[in-house]
Structure formats: C-alpha cells, structure tokens
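Notes to accompany the following structure.
First listed ligand is number 1; within each ligand, the first listed atom is number 1.
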Amino acid sequence: MPSVVVHRDQDLLAKAVAARLVTRLVDAQSASGGAHVVLTGGGVGTAVLAELAAAPARDAVDWRNVDIWWGDERYLPSGHEERNETGARAALLDHVDVDERRVHPMPASDSGLSPEDAAQKYAEELRKATRPGDHGDVPSFDVLMLGLGPDAHVASLFPGLPALQESRPVVAVHGAPKPPPTRLSLTLPALRTAGEVWIIAAGESKAKAARLALSDADPAEVPAAGARGNQRTLFVLDQAAAGELPPDISRPASR
Ligand SMILES: O=C(O)[C@H](O)[C@@H](O)[C@H](O)[C@H](O)COP(=O)(O)O
C-alpha cells in the first residue's frame, strides 16, 4: 500500500523531497557503497533538484558515487532546453561533483539513432550496470522519482499508449499528448525494479490523478497506478494535489 505525505505548498514540497533524497542516497551509499537514482523531468521534478543543489546537507552525498538515470526523455537534440537532461544539469548536476561516467542520459535525437534504436541502446546501458542480485536487466534503483501528469501519466507512459503493455525496460513513445510527441521512457516493469518509487505532484490539476493513482485502477488507463516500488511507494503531494483524498490521508505534515 503506498504511503502519502502532504506538504503545505509546492515550494515546501520541493524542499522536503530534496531533504528526503539526501537521506535516501546517503543511506544507500552507507549500505551498499553506491546509489542509483532515477530523475524525472517536469516542473516539480526539476524544482526538487534545484532545492537539492541549495540544500545545506547536499554534500553529505558522495556525488562521485551515484549513478544517475532518467525515467524518460524528450527525443530532442542534445542540449535542447526542453530535454530533461538539460534541466537536471542546470538545476543540480552542474553544481555537484558527479562522475560523468556514471551520469546516464537517454540518447538525443541528434545521436543518429532512431527512437527505437535509442531505446534499445539505453536498455543495454541499464543491463551493463546490473549487479549480482538485481532483478533482470535493470539495476535495482534505490530511488526512482516520478512527476505526475493531470492524466495520471508518469515518465512518458501516457494513458492508452502501447508503451503501457511493454515488457521491455525502455521504449520509444510516439504521439505523446504532452509535447514533444516523440519520447523515450522506462516501462512499468522497469519502474517496478526500484526499491522506492516516489510520485511527486503539486497543484489542484493533479488532484484527480493522485486519487486515481492511489486506487487499484487499471494502469493502462491510470499509468501512475502501476508505478510501485518493490520495497516502498511514496506519494509526496502538496495540499492542492491531495485535495481529492480522504481527510485521514490528506492531512498536511505541517501547517
Ligand atoms: O518529460 C516529462 O514531461 C516528465 O517526465 C513528465 O512525466 C512530468 O514529470 C509530468 O508531466 C509532470 O510534470 P509537471 O511536474 O511539470 O506537472
């Protein structure tokens, strides 16, 4: 059963998730010597990274010992301002001492690869990073962050699209309703290899999606309902996004 934490507003939510991420990465590094984190695009996901860059405890994380992945990417040229990688670098990665060999952006459209071949290339990069004890062809991500669309999409898994039926770990997405139409995305099976999945959403426009995502709805129609970690699933919402949840779980953590 997913847990739900509600914060007063979007700004406090981003700060609180940044603090939670520091602790999660430090705990993972202490336990296993390294950490695998999957970043998300979108406004809230990028705001979390910016708050992390500014967080006093930021450098409690050994940034050279973190593998950084993406849950999805817009299929645009490298460096394009709309790429999730571009936003993540500006918000955080350019401000911490990461080991570039362990930063794993999804291929860009100027790679010369078709979206399908780009997806296959990323799947191969994921497979090469697996360690003994991982589940299948994807590393056991310590934490995988997801933004939430008003239609309950996560990553680039949009309701009704074929990507939701995929068993492969990475797919090309065409005809995405959120521009740009061509994207790359981890699939639900790949998301589920994560120890912890955090779904992060703010704003009234996400309230219905959050309610549906917490139900046992069909992931083909409500993709976020299929986004579950194998140890923990956490919804971190602001009060507005929690507005359609029962009072006993939509109580804010702080006023
Ligand atoms: O590439 C993307 O657009 C994101 O991966 C997407 O899944 C995003 O996280 C949600 O659409 C929420 O976006 P907002 O937080 O900006 O509402």
For G195, is there any backbone N or O sitting under 3.5 Å from a side-chain donor or acceptor partner on R232?
no
Is there a donor-acceptor contact under 3.5 Å from the side chain of T130 to the main chain of R127?
yes
Within the 4.0 Å heavy-atom shell around [X], which atoms of ligand 1 are there?
{"X": "G147", "value": "9 (O)"}
{"X": "T40", "value": "5 (O), 9 (O)"}
{"X": "V44", "value": "15 (O)"}

If you measure only the distance, is there a donor-acceptor pair under 3.5 Å linking the side chains of E85 and H80?
no
With only distance considered, is L148 within less than 3.5 Å of ligand 1 through an N or O on each side?
no
Nitrogen or oxygen atoms of D72 and ligand 1 under 3.5 Å apart
yes
For [atom], which protein heavy atom lies nearest, and how many Å away is it?
{"atom": "atom 10 (C) of ligand 1", "answer": "H153 NE2, 3.4 Å"}
{"atom": "atom 17 (O) of ligand 1", "answer": "K206 NZ, 2.5 Å"}
{"atom": "atom 9 (O) of ligand 1", "answer": "G41 O, 3.0 Å"}
{"atom": "atom 1 (O) of ligand 1", "answer": "R74 NE, 2.8 Å"}
{"atom": "atom 16 (O) of ligand 1", "answer": "G43 N, 2.6 Å"}
{"atom": "atom 8 (C) of ligand 1", "answer": "K178 NZ, 3.7 Å"}

I'd like to know whether E125 forms a salt bridge (charged side-chain N to carboxylate O under 4.0 Å, His left out) with K121, so could you lay out the CA-CA distance, the side-chain angles of the two residues, the decisive distance to 0.1 Å, and finally the verdict.
CA-CA 6 Å; E125 190 166 351; K121 182 168 188 282; 5.1 Å; no
Can you label the angle between the W69 ring and the H36 ring as parallel, tilted or perpendicular, going by 30° and 60°?
parallel
Could you check whether any heavy atom of A155 sits closer than 4.0 Å to an atom of ligand 1, since that is the contact criterion I want to use?
yes
Under the side chain to side chain contact (heavy atoms under 4.5 Å, CB included) criterion, do L237 and V4 qualify, and how do the steps go?
CA-CA 7 Å; L237 309 172; V4 179; 4.1 Å; yes
Does R131 CZ have over 12 foreign heavy atoms under 6.0 Å away?
yes
Is E73 touching ligand 1 with its side chain, its backbone, both, or neither, if touching means heavy atoms under 4.0 Å apart?
neither
Do V38 and W70 pass the side chain to side chain contact (heavy atoms under 4.5 Å, CB included) test, and can you show the C-alpha distance, the side-chain angles, and the key distance before you say yes or no?
CA-CA 5 Å; V38 182; W70 274 264; 5.5 Å; no
I would like to know whether E73 and R183 meet salt bridge (charged side-chain N to carboxylate O under 4.0 Å, His left out); could you show each step before the answer?
CA-CA 6 Å; E73 187 57 275; R183 293 158 165 260; over 6 Å; no
